[in-house]
Amino acid sequence: MSTAFSKTSAARNELRDGALTAIPVIVAAAPFGVLFGALAVENGFSVFEAVLMSATIYGGASQMVGIELFGQKIAPWLVVFSIFAVNFRHVLYSASIGRLIRNWTFRQKAAGFFLLVDPQYAETETRAAMGKPVSFTWYMGLAAPIYVSWLTETWIGGLFGRLITNPHALGIDFLLPIYFLGLVMGFRKRRMWLPVVGASAFASIAAYQTIGSPWHVSIGAVAGILLAAMMPLKPRTGPV
Amino acid sequence: MSTTLTIIFSGAVLTYAARIGGHVVLSRFRSIHPRVEAGLDAVPAAVLTTLVAPAAINGGPAEFAALCVAALVGFRYSLMPMFLAGAVTIILLRNIF
């Protein structure tokens with residue numbers, strides 16, 4: 001009975017750990033959720049469709065690209081393809097996270113991968129790097145508040161977004177790059193961090209200027225990853 | 001089904017395929033080659049950099065300054081202070097100039 005109790009309390013701790021980690025993510029994402037809702041409605045979505053998009057695609061940058069192209073009356077297949085191109089990086093997240101959640105059940109994995117957005121991925125990697133277990137309970141403690149907040153913000157944005165008269169003055173459009181920069185810097189203790197960041201920065205800028213968005217994401221990422229994979233291998237000193 | 005709903009559901013299916021695909025493909029291999037491992041370790045920094053770098057170059061001085069301030073704060077403090085420093089910088093600079 002005492003084991004059952006400590007098990008429950010450990011699970012509660014993990015749930016709380018996850019939920020606390022979610023707070024800065026929610027604060028950082030909130031302006032984008034609201035902004036997405038507002039822009040979606042301005043681009044011809046109903047409030048319901050905006051919330052539905054947040055609930056099913058659940059990927060901020062790709063949703064922004066999607067409504068932008070939809071508003072420009074681009075062919076539907078091209079809108080879908082662009083959403084996929086922006087989210088294609090999640091293949092890499094999936095491969096990487098898969099190593100950390102081998103002990104999860106099939107259903108847990110199916111749910112976990114659905115919620116695998118950028119901050120979810122970054123926080124999960126960070127937790128694993130600290131040597132803490134990535135349990136389903138912790139993962140959901142982090143994911144569920146972020147997901148529910150994202151839908152709520154989309155809904156609020158759809159209803160009241162037009163009240164933001166000057167998003168430029170509030171820096172709304174630039175909060176996302178600042179946030180992503182913070183995530184990049186969080187990984188600076190990793191092997192090859194600076195060369196990888198340098199290669200990805202250079203390649204993504206070059207691709208952005210020549211081929212254009214959203215391909216700079218995939219091309220820039222591949223440049224950094226290839227560089228890391230081609231570097232001389234060091235003999236492994238400890239468990240990964 | 002309306003065009004909007006078709007776009008939403010197609011985008012959702014493909015996005016989910018990407019999120020589960022990496023694991024489904026990789027789990028077929030018994031062991032992971034060290035180079036693949038090194039590549040995977042580089043994934044987060046590489047991908048997230050591509051969401052920052054073009055924004056740094058294509059923005060004006062205010063945007064560039066905000067990222068510089070955020071980066072400097074980021075070397076000492078955690079994500080939230082860093083994010084707030086960057087946000088305050090961009091708001092101030094945009095409203096002053």
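Numbered from 1 within each chain, the chains take letters A, B, ... in sequence-line order.
- Applying the salt bridge (charged side-chain N to carboxylate O under 4.0 Å, His left out) test to A/R127 and every residue at least two apart in sequence or in another chain returns A/D17.
- Note: A/K73 NZ to B/T3 OG1 = 10.0 Å, rounded to the nearest 0.5 Å.
- B/V43 is listed as a side-chain neighbour of A/Y121, based on a closest heavy-atom distance under 4.5 Å.
- Both the backbone and the side chain of A/Y58 come within less than 4.5 Å of a heavy atom of chain B.
- Here the CH2-CG distance, from A/W193 to B/D41, works out to 15.5 Å after rounding to the nearest 0.5 Å.
- For B/L67, the parts lying under 4.5 angstrom from a heavy atom of chain A are both the backbone and the side chain.
- Interface residue A/A110: backbone and side-chain heavy atoms are both found under 4.5 Å from chain B.
- Residue A/Q63: no heavy atom, backbone or side chain, is found under 4.5 Å from chain B.
- In this structure, chain B has heavy atoms under 4.5 Å from both the backbone and the side chain of A/F114.
- The backbone N or O of B/F75 lies less than 3.5 Å from a partner atom in the side chain of A/R188, making a donor-acceptor pair.
- The salt bridge (charged side-chain N to carboxylate O under 4.0 Å, His left out) check on A/E49 picks up nothing, with sequence neighbours excluded.
- At a 4.5 Å heavy-atom cutoff, the contact between A/M185 and chain B is made by side-chain atoms alone.
- In this structure, the portion of A/V79 lying under 4.5 Å from any heavy atom of chain B is its side chain and not its backbone.
- A distance of 8.0 Å separates CD1 in A/I205 from CG in B/N58, rounded to the nearest 0.5 Å.
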